K.L.:
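Can you read through this structure? Questions will come right after.
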Amino acid sequence: MTDALSKAKLIVRNATLDDIPAIVELSHAVYGEGNAYNEAMLRGQINNFPDGQFVAEYESKIVGHCATFIISEDLALAPHSWVEITGGGFASRHDPEGDYLYGMDVNVHPDYRRLRIGQRLYQARRELCEYWELKGIVFGGRMPGYARRAKDYPDPMSYVQAVLDKRLRDPVINFQLSQQFEPVGVLANYLPSDRDSLGYATHMIWRNPLAPEARQTAPARPGRRLPASVRVATVQFQMRRISKIEEFEEQIEYFVDVAADYRADFVTFPELFTLQLLSLEPKKLAPAEAIAHIAEYKDRFCAFMEKLAVSYNINIIGGTHPTRVGNGDIRNTSYVFLRDGAVYSQDKLHPTPGERRWWNIKGGRDARVIQTDCGPIGVMICYDSEFPEVARQLVDQGALLLFVPFCTDERRAYVRVRYCCQARAVENQCYVVLSGVVGNLPNVENMDIHYAESCILTPSDFPFARDGVAADTAANTETIAISDLSLDDLLVSRQSGAVQNFKDRRFDLYQVKWRAES
């Protein structure tokens, strides 16, 4: 037996979520500020198809990145743009029942381009294609020499043919030819920002020699990394006057205990339910003073909820709690406590007119998924659910469940949230879980009355509940609702449902583009 004298310096492996900051840095080095990947796109790529994302690591530094996803033959071989085929860079059009692996991107750090890293990443793609028994690999490849030769070759396909005939040399096309790809055409307006290619791309294909012959049934595919189903509980929490903080904590623990007894994976609490603590005050506080005071409970609240999540082995969406940020602003923040002890937060992006007027609440900046042991989830806080762009951003990043803590004062306000959440479930073919407060706090400004019917909503198709409601609660009653949600049914409906809203988006006509993450 011999011991290795040194570790491998250059390895290619699957990308993980922990790699995202390094991949962003690499992307900026390769593409510059305007065209680099952002963190949301990379989360989407990894969550939507974890097996298809690779990094090359040289001496523990990520110096190469390769992104792929699976897509149907008719889409892969039809004319398309990069934005259209990749779902805006999120790989959100990944189709596990598709026929071809789509090469979304390969990039290598400029300082490491003589180590044959690109060759290694192409090899990883071919091995993945063979493993999934796909027909081949397709992508749009750059043709960076074309801009200089456009006058001589006004037809871009004639330029490609000149490269094939060895009358010209194009570094990218020649490399792809050496990797056994062949051009089947040219894609116009593939990447308009690619000036060296004048926006054109070679439509490249590699045919898998090990692809199985045509058969009546689809080949068996490797398994997913998601559970077949999850159990979700939503708490309809009653606001009431309390005499000590322990009463509030006892009521929270009661519902966590109930949900855990039913072996729920998630339990959700409502927006602003911690304002019940203001009833401890001997006199009514002015709105600005009250919200500043409640923010002081943040550390105790988070420590208490984190302990519950771990001890009861359940993931808790902890409603929302007003939180003071570094610049002194107050934000309405949802804290998510995972059963492994991790804690995440999501700020409300759209404070309501009342929140802005009464409490001077400021909106957050980001909408990002939270990784859990049941897959990525997203949180939309009340009014945020009435803006479809927020849900689309979260679902593009891989979320199959969206949690909506809400606080509404009367029925018309409630149905705005309810109807919009039902629309989000249909539009994105995902589950949406609502949790609201009931009861009243007569000594607290702007929190005197409440109306809620907490519920768990589904898409509207045959695998799901007839009315798109997996579980419901009686109006204005403190209670809990629990439901099993099949992730398998959700993924199947996206690919073969009566309607396929998520899959059938027209990326050639429109897209949601998030400005930037803070």
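None of the values given here were measured: they were computed from a predicted structure. These values consider heavy atoms only, across backbone and side chains, with no hydrogens, waters or symmetry-generated copies.
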K.L.:
With sequence neighbours left out, write down each residue that passes ring pair (Phe, Tyr, Trp, His ring centres under 6.0 Å) with Tyr102, or none if nothing qualifies.
P.N.:
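Listed in chain order: Phe69, His80.
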K.L.:
Can you sort out the partners of Asp265 under salt bridge (Lys or Arg N to Asp or Glu O under 4.0 Å), two or more places apart, ordered by chain and number?
P.N.:
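Once residues adjacent in sequence are excluded, the partners of Asp265 under the salt bridge (Lys or Arg N to Asp or Glu O under 4.0 Å) criterion are Arg339.
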K.L.:
Side-chain contact, heavy-atom cut-off 4.5 Å: Val438 with Thr477?
P.N.:
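Side chain of Val438 against side chain of Thr477, heavy atoms only: no contact under 4.5 Å found.
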K.L.:
Report the residues that fulfil ring pair (Phe, Tyr, Trp, His ring centres under 6.0 Å) with Phe90, sequence neighbours left out, ordered by chain and then residue number.
P.N.:
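Not a single residue meets the ring pair (Phe, Tyr, Trp, His ring centres under 6.0 Å) criterion with Phe90.
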K.L.:
Checking Ser27 now: which residues fulfil side-chain contact (heavy atoms from CB on, under 4.5 Å) with it, not counting sequence neighbours?
P.N.:
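Ser27 satisfies side-chain contact (heavy atoms from CB on, under 4.5 Å) with Tyr31, Ala36, Tyr37 only.
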K.L.:
Less than 4.5 Å apart, any side-chain heavy atom of Leu490 and any of Phe464?
P.N.:
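Of all side-chain heavy-atom pairs linking Phe464 with Leu490, at least one is under 4.5 Å.
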K.L.:
Asn332 and Thr320: side-chain donor and acceptor closer than 3.5 Å?
P.N.:
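Yes, a side-chain donor-acceptor pair sits under 3.5 Å.
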K.L.:
Assess, by modelled atom type and distance only, whether the side chains of Gln236 and Glu453 contain a donor and an acceptor separated by less than 3.5 Å.
P.N.:
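Side chains of Gln236 and Glu453: no pair found under 3.5 Å.
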K.L.:
For Glu246 and Arg300, run salt bridge (charged side-chain N to carboxylate O under 4.0 Å, His left out): C-alpha distance rounded to whole Å, both residues' side-chain angles, the deciding distance at 0.1 Å, then the answer.
P.N.:
CA-CA 11 Å; Glu246 288 77 12; Arg300 173 165 177 162; 3.6 Å; yes
K.L.:
Side chains of Asp347 and Thr333: is there a donor and an acceptor less than 3.5 Å apart?
P.N.:
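Short answer, yes.
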K.L.:
Is it the case that the side chains of Asn48 and His94 hold a donor-acceptor pair, with the cut-off being a distance below 3.5 Å and no angle test?
P.N.:
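Side chains of His94 and Asn48: no pair found under 3.5 Å.
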K.L.:
Which pairs pass salt bridge (Lys or Arg N to Asp or Glu O under 4.0 Å) with one or both residues in residues 391-408, sequence neighbours excluded?
P.N.:
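Counting only pairs at least two positions apart or across chains, the salt bridge (Lys or Arg N to Asp or Glu O under 4.0 Å) contacts touching residues 391-408 are Asp396-Arg505.
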K.L.:
Identify, with sequence neighbours excluded, every residue that meets salt bridge (Lys or Arg N to Asp or Glu O under 4.0 Å) alongside Lys362.
P.N.:
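Counting only residues at least two positions away or on another chain, Lys362 forms no salt bridge (Lys or Arg N to Asp or Glu O under 4.0 Å).
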K.L.:
Any pair with a residue in residues 413-422 that passes side chain to side chain donor-acceptor pair (under 3.5 Å), sequence neighbours left out, goes on the list, sorted by first then second residue, please.
P.N.:
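For residues 413-422, and leaving out neighbouring residues, the side chain to side chain donor-acceptor pair (under 3.5 Å) pairs sorted by first residue read Tyr414-Arg418, Arg418-Asp472.
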K.L.:
Does Arg494 have any salt bridge (Lys or Arg N to Asp or Glu O under 4.0 Å) partners at least two apart in sequence or in another chain, and if so, which?
P.N.:
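Here no residue qualifies.
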K.L.:
Do Tyr297 and Leu280 have side chains that get closer than 4.5 Å, going by heavy atoms?
P.N.:
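A side-chain contact under 4.5 Å exists here.
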K.L.:
Quick check: do Phe403 and Val232 have side-chain heavy atoms less than 4.5 Å from each other?
P.N.:
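Yes - at least one pair of side-chain heavy atoms lies under 4.5 Å apart.
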K.L.:
For residues 420-434, which residue pairs pass the salt bridge (Lys or Arg N to Asp or Glu O under 4.0 Å) check, not counting sequence neighbours?
P.N.:
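Residue pairs passing salt bridge (Lys or Arg N to Asp or Glu O under 4.0 Å), neighbours aside: Arg424-Glu427.
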K.L.:
Please identify each residue that fulfils ring pair (Phe, Tyr, Trp, His ring centres under 6.0 Å) with His450, with sequence neighbours left out.
P.N.:
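If we apply the ring pair (Phe, Tyr, Trp, His ring centres under 6.0 Å) test to His450, skipping adjacent residues, there are no hits.
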K.L.:
Using the salt bridge (Lys or Arg N to Asp or Glu O under 4.0 Å) criterion, which residues pair with Arg466? Sequence neighbours excluded.
P.N.:
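Partners of Arg466 under the salt bridge (Lys or Arg N to Asp or Glu O under 4.0 Å) test: none.
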K.L.:
Sequence neighbours left out, what passes side-chain hydrogen bond (donor to acceptor under 3.5 Å, both in side chains) with Gln276? Give chain and number order.
P.N.:
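Checked Gln276 against side-chain hydrogen bond (donor to acceptor under 3.5 Å, both in side chains); zero matches.
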K.L.:
Is it the case that Arg125 places NZ or CZ above or below the six-membered ring of Phe139, under 6.0 angstrom from the centre and within 45 degrees of the axis?
P.N.:
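Yes, a cation-pi geometry.
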